[in-house]
Chemist: 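One structure follows; several queries about it will come next.
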Amino acid sequence: MATQATGVRHEPLDASGAGAAIQRWTLTAGPYEASVLTLGATLHTLTAPDRAGRPAQLLLATDELAQILGPARHYGTVVGRYANRIDGSRITIDGEDHPLAPTGGGMTLHGGPDGFANRMWDATGIPGGVELRLHSPDGDQGFPGALDVTVAYTLDAGGELTIAYRAVTTKPTVVNLTNHAYVNLAGEGSGDVLGHLLTLDADAYTPADERQVPTGRIEPVAGTPFDFTTARPIGKSVHDEHPQLTGPGGYDHNWVLRPRPADGTPARAALLEDPVSGRTLEVLTTEPGVQVYTANKFQGAVTGASGVAYGPFAGVALETQHFPDSPHHPDFPGTVLRPGEEFRSTTVLRFGTN
């Protein structure tokens with residue numbers, strides 16, 4: 001276990017312009033660095049060395065405020081109150097119906113049109129990192145109950161970034177929080193991730209309809225393009241003529257992770273490897289699912305610090321979470337949070353080389 005102290009500092013995103021209201025917190029530990037924005041509790045950048053010790057920034061990101069507020073508004077953000085999709089833009093809890101703010105397509109995506117990704121969070125330095133806090137009032141985007149949320153990011157010199165989520169509510173509600181960072185282990189702007197090797201600790205996935213809303217079935221991955229039980233290139237089957245792939249143009253699906261430890265210890269969900277740079281990313285989580293999105297629909301609307309516009313497959317999101325549309329599928333793990341309970345979720349991003 002690395003013992004080197006983590007440096008924590010903060011400053012405005014852009015002291016000279018409109019970004020002055022957004023604080024950037026920077027965590028530095030050995031060769032690793034992460035930055036977090038108070039807008040959206042965003043994991044903005046992550047720097048790690050390759051096998052030769054050369055550092056690179058690995059997340060798709062931009063400092064342009066117009067892009068952060070526009071086409072990049074979910075890059076690296078904490079999304080909620082309910083990440084991913086809720087069909088029909090309504091939920092029922094204890095027999096009471098709650099219409100939700102719709103985002104289009106007959107659903108509510110990522111908590112609604114004014115979800116947590118759009119909010120300014122309060123931030124405080126903590127040992128090894130930063131803690132962000134948000135109050136979501138009763139009825140926010142249609143969700144019942146006032147919700148108080150904290151997200152803590154901590155970094156150590158061993159290459160582990162831990163994201164710890166906590167939430168409490170005043171009324172029964174649903175909660176599903178995740179981080180929406182896009183990773184390219186070769187470095188931001190270096191090309192696509194189709195050659196990255198991906199392993200998922202999942203023997204099943206949840207097929208989706210043409211809107212990427214789960215049908216409610218849980219199907220085995222064996223013999224399908226969704227079988228990442230052993231390492232395979234992301235691009236190996238991404239263009240297959242499979243009915244689950246032709247619509248979204250690639251992966252945008254929830255995998256059902258193998259059972260998590262009962263004591264709440266994060267267990268491995270995924271391993272991502274870049275054979276060229278040698279960088280690896282191991283994702284550990286307490287969550288039951290991981291949504292893998294391979295940036296299929298990117299069309300160059302966002303340009304990173306490298307000056308490269310992000311096209312299809314420029315990065316991959318590994319979103320640890322409960323299953324999409326769980327409130328409508330009683331066979332899926334439940335997402336109801338009640339007064340007196342605490343929502344707790346932890347995900348660890350462990351960087352290394354091979």
Chemist: Run the ring-ring contact (aromatic ring centres under 6.0 Å, His included) check on Tyr182 and Tyr310 step by step: do they pass?
Modeler: CA-CA 11 Å; Tyr182 292 95; Tyr310 300 141; 8.8 Å; no
Chemist: Would you say the side chain of Leu69 lies within less than 4.5 Å of the side chain of Leu39, judging by non-hydrogen atoms?
Modeler: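 Touching, per the 4.5 Å side-chain cut-off.
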Chemist: Yes or no on side-chain contact (heavy atoms from CB on, under 4.5 Å) for Ser136 and Phe116, after CA distance, side-chain angles and deciding distance?
Modeler: CA-CA 8 Å; Ser136 173; Phe116 292 178; 3.7 Å; yes
Chemist: With a cut-off of 6.0 Å (strictly less than), are more than 12 heavy atoms of other residues, nucleotides or ligands near CD of Glu241?
Modeler: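 Open.
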Chemist: In terms of side-chain heavy atoms, does Tyr153 have a donor or acceptor partner in Asn179 at a distance below 3.5 Å?
Modeler: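 A pair is found: one side chain offers a donor N or O, the other an acceptor, under 3.5 Å apart.
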Chemist: Could you please spell out the steps behind the ring-ring contact (aromatic ring centres under 6.0 Å, His included) verdict for Phe226 and His242?
Modeler: CA-CA 10 Å; Phe226 296 86; His242 187 283; 5.5 Å; yes
Chemist: Are Val221 and Thr229 close enough, and set up right, to give a side-chain contact (heavy atoms from CB on, under 4.5 Å), and what steps lead you there?
Modeler: CA-CA 8 Å; Val221 299; Thr229 52; 4.2 Å; yes
Chemist: Among Glu287, Gln321, His322, which residue satisfies the side chain to side chain donor-acceptor pair (under 3.5 Å) criterion with Ser345?
Modeler: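 That would be Glu287; it is the only one of Glu287, Gln321, His322 passing the side chain to side chain donor-acceptor pair (under 3.5 Å) with Ser345.
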Chemist: Is a side-chain donor-acceptor pair under 3.5 Å present for Ser326 with Thr335?
Modeler: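 No.
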Chemist: State whether a side-chain donor-acceptor pair under 3.5 Å links Glu188 with Ser306.
Modeler: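 Distance-only check passes for Glu188 and Ser306.
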Chemist: side-chain contact (heavy atoms from CB on, under 4.5 Å), that's the test. Do Thr347 and Leu284 meet it? Break it down for me.
Modeler: CA-CA 6 Å; Thr347 292; Leu284 302 93; over 6 Å; no
Chemist: Run the numbers on Leu245 and Val238 for side-chain contact (heavy atoms from CB on, under 4.5 Å), then give the verdict.
Modeler: CA-CA 7 Å; Leu245 294 175; Val238 75; 5.6 Å; no
Chemist: With Glu33 as reference, evaluate Thr28, Thr26, Thr47, Thr6 under the side chain to side chain donor-acceptor pair (under 3.5 Å) test and give the passing residue.
Modeler: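 Answer to the side chain to side chain donor-acceptor pair (under 3.5 Å) test with Glu33 among Thr28, Thr26, Thr47, Thr6: Thr28.
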Chemist: Can you list the steps and then say if Asp140 with Arg119 is a salt bridge (charged side-chain N to carboxylate O under 4.0 Å, His left out)?
Modeler: CA-CA 12 Å; Asp140 189 1; Arg119 310 292 174 86; 2.8 Å; yes
Chemist: Is it the case that His44 and Asp63 place a side-chain donor and acceptor less than 3.5 Å from each other?
Modeler: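 Yes, Asp63 and His44 have a side-chain donor paired with an acceptor closer than 3.5 Å.
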Chemist: Report the C-alpha separation of Phe228 and Tyr205 in whole Å, then their side-chain angles, then the decisive distance to 0.1 Å, and conclude whether the ring-ring contact (aromatic ring centres under 6.0 Å, His included) test is met.
Modeler: CA-CA 11 Å; Phe228 287 91; Tyr205 78 111; over 10 Å; no
Chemist: From the options Thr286, Leu177, Thr346, select the one residue that forms a side chain to side chain contact (heavy atoms under 4.5 Å, CB included) with Tyr165.
Modeler: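 Going through Thr286, Leu177, Thr346 one by one, the side chain to side chain contact (heavy atoms under 4.5 Å, CB included) with Tyr165 is satisfied by Leu177 alone.
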Chemist: Can you name the closest pair of heavy atoms from Leu132 and Leu37 and give their distance?
Modeler: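 So the minimum-distance heavy-atom pair works out to CD2-O, 4.0 Å.
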Chemist: Test ring-ring contact (aromatic ring centres under 6.0 Å, His included) on His239 and Phe313 and set out the steps.
Modeler: CA-CA 12 Å; His239 297 301; Phe313 312 109; 5.5 Å; yes
Chemist: Applying side chain to side chain donor-acceptor pair (under 3.5 Å) to Ser35 and Thr45, what does each step give before you reach the verdict?
Modeler: CA-CA 5 Å; Ser35 70; Thr45 61; 2.5 Å; yes
Chemist: Does one side chain, of Asp87 or His328, offer a donor that lies under 3.5 Å from an acceptor on the other?
Modeler: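 No.
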Chemist: Between Gln244 and Ala208 (side chain of the first, backbone of the second, donor and acceptor by atom type, cut-off under 3.5 Å), is there such a pair?
Modeler: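 Checked: pair present.
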Chemist: In terms of relative ring orientation, are Phe351 and Tyr32 parallel, tilted or perpendicular, with 30° and 60° separating the classes?
Modeler: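 Tilted, since the angle between the ring planes falls between 30° and 60°.
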Chemist: Could you check whether Thr280 and Glu273, counting side-chain N and O atoms only, form a donor-acceptor pair closer than 3.5 Å?
Modeler: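 No.
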